[in-house]
Amino acid sequence: MKRTLSRGMMLTAVTSLAVTLSACGGSDEGSESSASGSSSSSSSSAAESSAMPMSDGPFGAACSQVPTEGEGSVEGMSDDPVATAASNNPILSTLVQAVTAAELGDTLNSAQDITVLAPANPAFEAVPADALQGLLGDQAALTTVLTHHVIPGRLTPEDLAGTHTTLNNDEVTIEGSGEDFTIAMDGTVVGMEASVICGNVQTANATVYVIDQVLKPAGM
């Protein structure tokens, strides 16, 4: 009787131990699964956060220099053709002077769906004064330079990076993504890298990206 009781107690203890170990193993497996899921979620979030965001509206530090109201504001420029819109924007006054000297105002205003890489005033100021005056006085050379800044079609920020054929029938290569775009130093008049400083500005017939250097056409 005592042996039978002792053997029964041992079986009960072994069974209880097995159940306990099984429960512990299930808990560890669940924890590992949960940790794995958490790790995957974290990796996915990190990948998403590292992607450069695209902008639906104007972007860039120099956009703060654009008037907040009136015809020269972002809203005011949107319903005018590009040359007219630029003439109302104080950060593009030298570009407008150059467009007028080259007699390109009507050409730009009547064009359908173009992208303009528009040098801001400091871009022209970076060009030596004698070279700039010589360029402004040479209509053929000035036309070559200005049409090199115009690309057929409206390029969104998503489409801006790449090599594009210009109205001068040469090419310009733009690098970058999101809100950070550049043009290599060998593509500018003064040999300094150009950057988009206020991009994705809309006019009635163009998308404008204001840049901080004057671009150099091929062969110049």
Side-chain angles (χ1 to χ4, degrees), residues 60-62 65 77 81-87 89-157 159-177 179-201 203 205-220:
Q65 300 173 34
M77 293 176 68
V82 64
T84 301
S87 70
N89 193 315
I91 71 173
L92 299 175
S93 59
T94 307
L95 174 61
V96 172
Q97 178 186 350
V99 168
T100 301
E103 298 181 354
L104 286 175
D106 290 340
T107 299
L108 294 176
N109 276 346
S110 61
Q112 296 296 314
D113 294 331
I114 56 177
T115 296
V116 178
L117 305 173
N121 292 342
F124 287 100
E125 293 167 5
V127 179
D130 56 344
L132 180 58
Q133 291 306 311
L135 180 62
L136 292 173
D138 185 339
Q139 187 172 0
L142 185 58
T143 298
T144 296
V145 170
L146 293 177
T147 53
H148 178 66
H149 290 73
V150 183
I151 302 168
R154 285 182 182 257
L155 296 178
T156 66
D159 301 324
L160 189 60
T163 299
H164 309 284
T165 300
T166 73
L167 286 190
N168 189 48
N169 202 32
D170 57 9
E171 294 181 336
V172 60
T173 298
I174 304 169
E175 300 177 341
S177 63
E179 297 182 357
D180 184 12
F181 296 96
T182 59
I183 298 164
M185 62 180 66
D186 60 357
T188 70
V189 170
V190 298
M192 294 182 64
E193 183 180 73
S195 298
V196 172
I197 56 176
C198 183
N200 204 26
V201 178
T203 75
N205 68 327
T207 299
V208 178
Y209 293 88
V210 180
I211 57 178
D212 59 1
Q213 297 294 334
V214 178
L215 304 182
K216 179 179 69 175
M220 285 193 71

Student: Under the side-chain hydrogen bond (donor to acceptor under 3.5 Å, both in side chains) rule, what pairs show up with a residue in residues 111-120, not counting sequence neighbours?
Tutor: Asp113-Arg154
Student: Test of understanding: with side chain to side chain donor-acceptor pair (under 3.5 Å), list the residues that count as partners of Ser93, not counting sequence neighbours.
Tutor: Asn121
Student: Verify, without hydrogens or angle tests, whether Asn205 (side chain) and Ile114 (backbone) share a donor-acceptor contact under 3.5 angstrom.
Tutor: no
Student: Report the residues that fulfil side-chain contact (heavy atoms from CB on, under 4.5 Å) with Ser110, sequence neighbours left out, ordered by chain and then residue number.
Tutor: none
Student: Do Val150 and Leu104 have side chains that approach each other closer than 4.5 Å (heavy atoms only, starting at C-beta)?
Tutor: no
Student: Test side-chain contact (heavy atoms from CB on, under 4.5 Å) on Thr156 and Asn200 and set out the steps.
Tutor: CA-CA 7 Å; Thr156 66; Asn200 204 26; 5.5 Å; no
Student: Report all side-chain donor-acceptor pairs from residues 124-140 shorter than 3.5 Å, counting only partners two or more places apart or in another chain.
Tutor:
unit_1: Asp138; atom_1: OD1; unit_2: Ala140; atom_2: N; d: 3.4
unit_1: Asp138; atom_1: OD1; unit_2: Ala141; atom_2: N; d: 3.2
unit_1: Gln139; atom_1: NE2; unit_2: Ala102; atom_2: O; d: 3.2

Student: Sorted by first residue and then second, give each salt bridge (Lys or Arg N to Asp or Glu O under 4.0 Å) pair with at least one member in residues 93-105; sequence neighbours left out.
Tutor: none
Student: To the nearest 0.5 Å, what is the distance between CG (Leu92) and CD (Gln97)?
Tutor: 13.0 Å
Student: Might you point out which heavy atoms bring Glu171 and His148 nearest each other, and give the distance in Å?
Tutor: O-CE1, 3.4 Å
Student: Check Ala98 against Leu142 and note the closest heavy-atom contact, atom names and distance.
Tutor: O-CD2, 3.3 Å
Student: Do you know which two heavy atoms are closest between Ala83 and Leu108, and how far apart they sit?
Tutor: CB-CB, 4.3 Å
Student: Could you measure the distance from the CE atom of Met185 to the CD atom of Glu193? Nearest 0.5 Å is fine.
Tutor: 6.5 Å
Student: Which heavy atom in Ala62 sits nearest to a heavy atom in Ile91, and how many Å separate them?
Tutor: O-CD1, 4.4 Å
Student: With salt bridge (Lys or Arg N to Asp or Glu O under 4.0 Å) as the rule and sequence neighbours excluded, what pairs involving residues 142-153 come up?
Tutor: none
Student: Can you see which heavy atom on Thr188 is nearest to which on Gly191, and at what distance?
Tutor: OG1-N, 3.1 Å
Student: List in chain and number order the residues that pass side chain to side chain donor-acceptor pair (under 3.5 Å) with Thr166, two or more places apart in sequence or in another chain; answer none if no residue qualifies.
Tutor: Asp170
Student: Could you tell me which residues satisfy side chain to side chain donor-acceptor pair (under 3.5 Å) with Thr84, sequence neighbours excluded, listed by chain and number?
Tutor: Asn109
Student: Holding to side chain to side chain donor-acceptor pair (under 3.5 Å), I want the full list of residues that pass it with Thr165, two or more places apart in sequence or in another chain.
Tutor: none
Student: Distance-only criterion, 3.5 Å: show the donor-acceptor pairs between side-chain atoms of residues 208-220 and protein atoms not counting sequence neighbours.
Tutor:
unit_1: Tyr209; atom_1: OH; unit_2: Leu155; atom_2: O; d: 2.7
unit_1: Asp212; atom_1: OD1; unit_2: Ser195; atom_2: N; d: 2.7

Student: Atom OG1 in Thr147, atom CG in Asn168: separation rounded to 0.5 Å?
Tutor: 4.0 Å
Student: Report the distance from atom OG1 of Thr144 to atom NE2 of His149, rounding to the nearest 0.5 Å.
Tutor: 12.0 Å
Student: In the structure I gave you, are the side-chain heavy atoms of Leu146 and Leu95 within less than 4.5 Å of one another anywhere?
Tutor: yes
